[in-house]
Trainee: 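My structure is below; once you've seen it, I'll send some questions.
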Amino acid sequence: MAAHKPVEWVQAVINRFDEQLPVKTGHQNNHTKVSTEHNKECLINISKYKFSHVISGLTNILKNVNNMQSKDCLRLDETMLVKQLLPEICHFIHTYREGHQHAAELRASASGVLFSLSCNNFNAVFSRISTRLQELTVCSEDTVDVHDIELMQYINVDCSKLKRLLQETVLKFKALKKPAQHAVINSLEKAFWNWVENYPDEFTMLYQRPQTDMADAAERLFDLVDSFAESAKRKAAVWPLQIILLILCPEITHIISREVVEESKANKKLFLESLRKALAGQGGSKQLTESAAIACVKLCKASTYINREDHSGIFLLVQSIVVDLKDLLFNPTKPFSRGAGSQNADVDLMIDCFVSCFRINPHNNQHFKVCLASASPSTFHFVLVNSLHRIITNSDLDWWPKIDAVYCYSGELRLMFSDTLSRVMQGLHTHAPLRMTPSLSFKEKMTTSLKFKEKTTDLDTRSYKFNHPPFHLCVCGSISSPPLRSPIHACLTLCETQSSTAELIAGLVQLVPLVNTAQLSQEAMEALLVLHLPETIELWNPQAPIETFWDIRYKDMCFAVIQVKYTC
């Protein structure tokens, strides 16, 4: 059938996929989930050869889901089909806000589709953004729809595409209403990080071979935004983007690091001075201090993607702010906080700062000691553990230091593991069961850590409580345990190695029977499953793996491991 009637065959797969969508079938069992995933894989493979038919079919499905009337799909070229699909994708990104049962999942899936579409069909997406910008330059209404502008933050951009976005914004920014200007400011910043994280080599090359047209567009937009920032509130809103625009101008970052600069660069120098003063608490506004912290973390993070051998002036800028930045973010007597509702964002900012400072100088570790101290707030411990996990699992660039630099703190980490375990067990006896929303499974996260996978993982830990998070507990113990410390086993005695492994496993086993806290128990079981993978068992003690395996009271744990295998 496939050989003689390919169109009918493709349509049959699309129809079957449509029929198995949850919106039509309701709750899916394991069988229907597997079948749906199989159909998705089929459609992906088919699209390599019959893209037009697949995209047309999926567009019609989305129209039906959105309660839109179907129309006959004309035989249009690929670009027109993508343009037809875009409104349906945007509907899922912009319509389903907080409160909808599957809002976050729908937005994440739709933005992922948009990112993939923009890889090969950037012009179609760019045209939608550009058209909306043009419409808003002549719009007289104060309330405007900025959704199409926000598409910048979801699309795939390389160096040339980012340049086009900057140049387009320069032409239209001044004529936009304030809400549209804010949308552009926020979205361009995210577009920059999409570029850096997806094309780090391009960003590194920018500091080896500066691009005049990129720097020109960035400087012009900096000046436009600088004029926009008349009040303290507006300054706070634009500083994070302004620092990024300066980062895109390697020659300017070098010039403004000098004592005296030419008049055309004076506003950039003044901006940096204002940033430093606000960071040190001399800006006269808590809002400006918070914005300065955000901007400076972004400066530090961007600098880690630049090779120090390029002798860039950006490192001089980093050195001028990093001490005050760490004093602000890692002060246990006065924890950094932007108020209620910002806890997740504050923790994310601290993690970015921690990881960046480690990559800039792994031996300047005062903030590490602060986060490790038992008297520090539990949020600091949470930041430490998640930062170490990111350092372990993400080492894309050759000059990024490895986790080896913190092996000297493995003893303190084991103490943190024991202390956290003790507090968890005590809390279970004195408090109501912990309620936690599952994110990625612990198995997904720790498999990456324990095996030293060299890739980025989406570490969405924000759904956990900060006081006694199982992920905090388990990662802390694992980072301090032999499975992650195999490079230094030569420095440990056989007794120390076995004791360290035994402590980790025994602690996790204590959590398995806690049926009144199902999520905590599940995390511990999945951690044990990962620790009992054959390749991980060999790391328990490379000097004597079999003896260690049996000596750690393995028989007492068999039931827990069996539970893991049949529960996961």
Side-chain angles (χ1 to χ4, degrees), residues 193 196-197 240 243 279 289-290 292-306 315 318-319 321-338 342-397 399-410 412-413 416-417 420 445 448-449 456-462 464 466 469 471-476 478-480 484:
W193 289 113
V196 172
E197 291 169 2
I243 198 69
L279 193 65
T289 297
E290 293 167 354
I294 296 169
C296 289
V297 169
K298 294 181 187 303
L299 173 64
C300 292
K301 182 178 179 179
S303 73
T304 66
Y305 288 83
I306 301 167
F315 296 111
V318 169
Q319 290 172 10
I321 57 92
V322 71
V323 174
D324 286 336
L325 178 62
K326 290 194 288 187
D327 287 345
L328 177 64
L329 294 184
F330 298 101
N331 183 350
T333 61
K334 188 181 178 182
F336 180 80
S337 174
R338 284 173 279 178
S342 299
Q343 187 180 36
N344 292 336
D346 291 342
V347 168
D348 288 342
L349 186 70
M350 293 173 69
I351 292 172
D352 274 343
C353 182
F354 189 109
V355 174
S356 299
C357 288
F358 176 85
R359 289 171 178 167
I360 292 168
N361 185 354
H363 304 296
N364 185 356
N365 52 19
Q366 184 59 38
H367 59 291
F368 188 103
K369 294 178 181 178
V370 170
C371 289
L372 196 56
S374 59
S376 292
S378 58
T379 302
F380 282 41
H381 300 160
F382 187 84
V383 168
L384 168 66
V385 170
N386 285 280
S387 297
L388 293 179
H389 184 272
R390 186 182 298 180
I391 291 166
I392 291 169
T393 58
N394 187 344
S395 55
D396 292 341
L397 301 180
W399 55 84
W400 283 356
K402 309 301 183 191
I403 197 65
D404 308 50
V406 302
Y407 280 161
C408 57
Y409 295 104
S410 58
E412 288 92 332
L413 284 165
M416 183 186 288
F417 170 71
T420 306
K445 299 167 186 169
T448 306
S449 293
T456 304
T457 56
D458 180 18
L459 189 59
D460 183 11
T461 56
R462 293 173 293 181
Y464 292 100
F466 290 124
F471 184 51
H472 172 176
L473 175 70
C474 298
V475 176
C476 179
S478 299
I479 287 175
S480 65
L484 283 184

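Excluded from the calculations below are hydrogen atoms, water molecules and symmetry mates; all remaining heavy atoms, backbone and side chain alike, are included. Residue indices begin at 1 and follow the sequence shown.
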Trainee: So Phe330 and His367, would you call those rings parallel, tilted or perpendicular, with 30° and 60° as cut-offs?
Mentor: tilted
Trainee: Give the intermediate values and the outcome of ring pair (Phe, Tyr, Trp, His ring centres under 6.0 Å) for residues Tyr305 and Trp400.
Mentor: CA-CA 9 Å; Tyr305 288 83; Trp400 283 356; 5.3 Å; yes
Trainee: Who passes side chain to side chain donor-acceptor pair (under 3.5 Å) against Arg359, sequence neighbours left out?
Mentor: none
Trainee: Roughly how far, to the nearest 0.5 Å, is the CZ atom of Phe315 from the SG atom of Cys300?
Mentor: 10.5 Å
Trainee: Is any side-chain heavy atom of Lys301 less than 4.5 Å from a side-chain heavy atom of Val196?
Mentor: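 With C-beta onward as the side chain, the pair stays apart.
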Trainee: Between CZ of Phe358 and OG of Ser387, what distance do you get to the nearest 0.5 Å?
Mentor: 10.5 Å
Trainee: Distance check, rounded to the nearest 0.5 Å: Asp327 atom CG versus Phe336 atom CZ?
Mentor: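 Result: 13.5 Å between the selected atoms.
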Trainee: Distance check, rounded to the nearest 0.5 Å: Ser374 atom OG versus His381 atom NE2?
Mentor: 6.5 Å
Trainee: Where do Leu279 and Ile321 come nearest, in terms of heavy atoms and distance?
Mentor: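 Taking every non-hydrogen atom into account, CD2-O, 3.5 Å.
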Trainee: Taking all heavy atoms of Pro240 and all of Ile243, pick out the closest pair and write down the distance.
Mentor: O-CG2, 3.1 Å
Trainee: Hey, what do you get for CG (Asn386) to SG (Cys371), rounding to the nearest 0.5 Å?
Mentor: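 That separation rounds to 11.0 Å.
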Trainee: Answer yes or no: is there an ion pair linking Asp352 with Arg390, defined by an N-O contact shorter than 4.0 Å?
Mentor: yes
Trainee: CG of Leu384 to CD1 of Ile351: how many Å apart, nearest 0.5 Å?
Mentor: 10.0 Å
Trainee: Ser356 side chain to Cys353 main-chain N or O, any donor-acceptor pair under 3.5 Å?
Mentor: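 It does not hold such a pair.
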Trainee: Go through the structure and list residues passing side chain to side chain donor-acceptor pair (under 3.5 Å) with Asp346, not counting sequence neighbours.
Mentor: Arg338
